[in-house]
Amino acid sequence: MPIVCLGLNHQSAPLSVRERLAFTAEEQHELYSRLDLAGIQGDTGLAELGVLSTCNRTELYGGGALRIDRRSSVNGAFEKMLARDRRVPLESIRTYLYRYEGTDAVRHLCRVATGLDSMVIGESEILGQVQQAHRSAIEGGAAGPVLHELFSTAVRAGRRARAETGISRTPVSVASEAIRVAREVIGGLSGKHVLIVGTGKMGRVAGRTLRAKGVRGLSVVSRTRQNAEELARECGATPLAWHELATAVADADVIFCSTGAPHSVITLELVQSALERRSDRRPMLFLDIAVPRDVEETVSTVEGVRVIDIDHLRARLNGNLAKRRKEIPRVERIIEEELARFEEWTQEAELRPLLSAMWGRGEQIRRQEVERALDQLGAVSPEVVEQLQRLSRALVKRMLHQPSRRLREESDPERAALFRLVTRQLYGLSGDGEEISETP
């Protein structure tokens with residue numbers, strides 16, 4: 001089954017190139033709306049097209065009835081289409097592009113969906129992005145049965161990888177690992193009050209993650225009130241002004257610090273004052289992922305206070321990445337199983353019209369010969385006619401059963417393709433399974 005992938009990613013191209021070729025969701029929709037599928041099919045022999053675009057990759061997938069004489073033109077046509085749509089000189093991107101065909105293209109998309117081809121092994125967002133690319137191609141009318149099965153295979157591999165292996169179970173981002181540490185240290189986050197100090201990228205990741213953890217209260221404090229309010233709306237938290245920091249620390253069980261300040265913002269004096277305001281002796285946990293550190297080093301000496309800094313978290317992350325890498329062979333086995341399943345679908349999809357035409361050809365010949373025999377016999381009883389019909393049907397079935405079975409059972413792709421070609425030639429069928437008219 002002809003499938004082609006042309007693309008570039010974080011391994012083949014720098015960010016300055018990737019960002020020029022990226023498609024937003026709206027741009028993908030626009031591409032499909034103005035796409036000349038007939039023109040693409042004429043240029044490449046491919047009838048289907050799908051676009052997968054994320055911050056780390058842009059890939060075009062094509063599928064359909066590719067003729068052998070058109071295969072060499074596919075890459076060139078895809079390159080021109082990509083350069084033209086993104087308005088970049090072809091010469092400036094050609095060296096960064098990779099190409100996969102057939103099984104290699106299917107395997108590549110499966111590796112993408114399982115997270116093996118990601119910048120961070122096993123990252124979870126890519127699976128949803130593959131699903132969205134599939135939906136967009138369908139909604140845009142550009143995907144047909146081939147790309148539908150391709151993307152379905154990749155999504156199934158991605159889901160199995162996450163359900164059957166540990167490729168995505170251990171956190172590999174600083175923010176998510178910090179939250180995991182908090183749960184271990186204080187026995188879970190349910191019913192706890194968490195304070196986020198700083199509204200940068202890590203603070204936002206922490207806010208989105210904490211929203212689903214059942215914390216009793218979530219507050220956000222920032223030097224800029226507007227930033228605090230924006231993040232608070234995003235994660236369902238309470239925004240606080242910077243001058244409320246000391247009071248907020250006193251109320252919190254966990255303080256997540258990620259400001260861009262050039263000096264410590266959580267001082268020993270502030271923490272001691274916060275502890276004095278508490279009505280109980282609840283422990284206080286600081287998760288400091290800022291560089292430079294937000295929490296003064298001496299804070300860790302205070303009784304009832306624990307500070308986890310970026311170095312501690314990175315050490316844990318290195319261990320998590322090692323655990324994920326150990327899962328790669330298991331994920332690769334899943335991919336190979338899904339590839340075999342895809343090959344079965346491919347063979348069946350290619351065989352169905354051929355077998356239908358072959359049996360149709362047999363039925364046509366049977367009827368012609370029965371009619372000829374009846375003309376020669378003259379007037380015969382209905383019983384004789386029925387016997388001739390049963391006999392002729394049985395002969396066709398016996399003659400075509402073994403070739404049909406052999407076509408279905410051949411597992412080697414090259415031999416299967418050869419068998420299909422020979423069958424079409426022997427039975428006088430065209431490439432699409434239709435009967436070729438015989439010359440008189």
Side-chain angles (χ1 to χ4, degrees), residues 119-120 123 169-189 192-211 213 215 217-224 227-228 231 235 237 240 242 244-278 281-324:
M119 185 177 292
V120 177
E123 62 104 346
R169 291 176 190 164
T170 51
V172 289
S173 75
V174 173
S176 58
E177 182 61 17
I179 293 170
R180 187 181 186 188
V181 170
R183 295 171 66 185
E184 293 176 1
V185 171
I186 64 176
L189 293 173
K192 306 298 183 183
H193 191 109
V194 180
L195 170 66
I196 299 176
V197 182
T199 54
K201 179 179 179 180
M202 289 297 100
R204 293 182 180 277
V205 172
R208 289 193 296 266
T209 306
L210 287 165
R211 181 176 54 185
K213 297 299 181 181
V215 296
L218 183 61
S219 301
V220 178
V221 62
S222 172
R223 290 188 182 277
T224 305
N227 292 344
L231 179 54
C235 59
L240 301 173
W242 189 255
E244 299 177 276
L245 177 61
T247 302
V249 170
D251 293 336
D253 298 291
V254 179
I255 301 92
F256 188 97
C257 303
S258 63
T259 76
H263 53 75
S264 299
V265 296
I266 305 294
T267 63
L268 176 62
E269 180 182 3
L270 184 149
V271 173
Q272 289 174 333
S273 174
L275 288 173
E276 291 175 357
R277 298 185 190 187
R278 285 180 182 261
R281 298 297 297 174
R282 300 190 329 271
M284 183 181 291
L285 173 64
F286 287 93
L287 299 167
D288 186 2
I289 65 172
V291 179
R293 288 180 288 185
D294 279 339
V295 182
E296 276 187 350
E297 189 173 359
T298 52
V299 170
S300 61
T301 64
V302 178
E303 183 179 357
V305 175
R306 183 167 180 181
V307 180
I308 304 294
D309 63 20
I310 189 70
D311 286 344
H312 177 84
L313 293 171
R314 281 175 177 162
R316 288 178 58 111
L317 288 177
N318 288 337
N320 289 349
L321 281 171
K323 291 178 183 177
R324 287 194 175 192

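It should be emphasised that the depicted structure is a prediction, and the values quoted were computed from it without experimental measurement.
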Closest heavy-atom pair and its distance - [X], [Y]:
{"X": "F286", "Y": "I266", "value": "CE2-CG2, 3.6 Å"}
{"X": "N320", "Y": "E177", "value": "ND2-OE1, 2.9 Å"}
{"X": "R223", "Y": "V265", "value": "NH2-CG1, 3.8 Å"}
{"X": "C235", "Y": "G207", "value": "CB-O, 3.3 Å"}
{"X": "A250", "Y": "A274", "value": "CB-O, 3.5 Å"}
{"X": "A237", "Y": "V220", "value": "CB-CG2, 3.7 Å"}

Item to complete: With L245 as reference, evaluate L240, L270, I255 under the side-chain contact (heavy atoms from CB on, under 4.5 Å) test and give the passing residue.
Response: L270

If you round to the nearest 0.5 Å, how far is [atom2] of [Y] from [atom1] of [X]?
{"X": "D311", "Y": "I289", "atom1": "CG", "atom2": "CD1", "result": "12.5 Å"}
{"X": "R314", "Y": "D309", "atom1": "CZ", "atom2": "CG", "result": "9.5 Å"}
{"X": "S176", "Y": "M202", "atom1": "OG", "atom2": "CE", "result": "8.5 Å"}
{"X": "I308", "Y": "S300", "atom1": "CD1", "atom2": "OG", "result": "10.0 Å"}
{"X": "S222", "Y": "I196", "atom1": "OG", "atom2": "CD1", "result": "11.5 Å"}
{"X": "L189", "Y": "L210", "atom1": "CG", "atom2": "CG", "result": "6.5 Å"}

Determine whether [X] and [Y] make a side-chain contact, defined as any pair of heavy atoms from C-beta on separated by less than 4.5 Å.
{"X": "L285", "Y": "F256", "result": "no"}
{"X": "L275", "Y": "V305", "result": "yes"}
{"X": "L195", "Y": "V221", "result": "yes"}
{"X": "T170", "Y": "R180", "result": "yes"}

Discussion item. Applying the salt bridge (charged side-chain N to carboxylate O under 4.0 Å, His left out) criterion to D253, which one of R183, K192, R282 satisfies it?
Written reply: R282

So with a 6.0 Å cut-off around [atom1] of [X], is the heavy-atom count from everything else above 12?
{"X": "E269", "atom1": "CD", "result": "no"}
{"X": "R316", "atom1": "CZ", "result": "yes"}
{"X": "E184", "atom1": "CD", "result": "yes"}

Fill in: Worked verdict on T247 versus R277 for side chain to side chain contact (heavy atoms under 4.5 Å, CB included)
CA-CA 8 Å; T247 302; R277 298 185 190 187; 2.8 Å; yes

Discussion item. The criterion is salt bridge (Lys or Arg N to Asp or Glu O under 4.0 Å); which residues satisfy it with E297, sequence neighbours excluded?
Written reply: R293

Worksheet item: Under 3.5 Å, is there a donor-acceptor pair between the side chain of D288 and the main chain of D294?
Response: yes

Worksheet entry | Donor-acceptor contact present, side-chain E296 to main-chain L268, <3.5 Å | yes

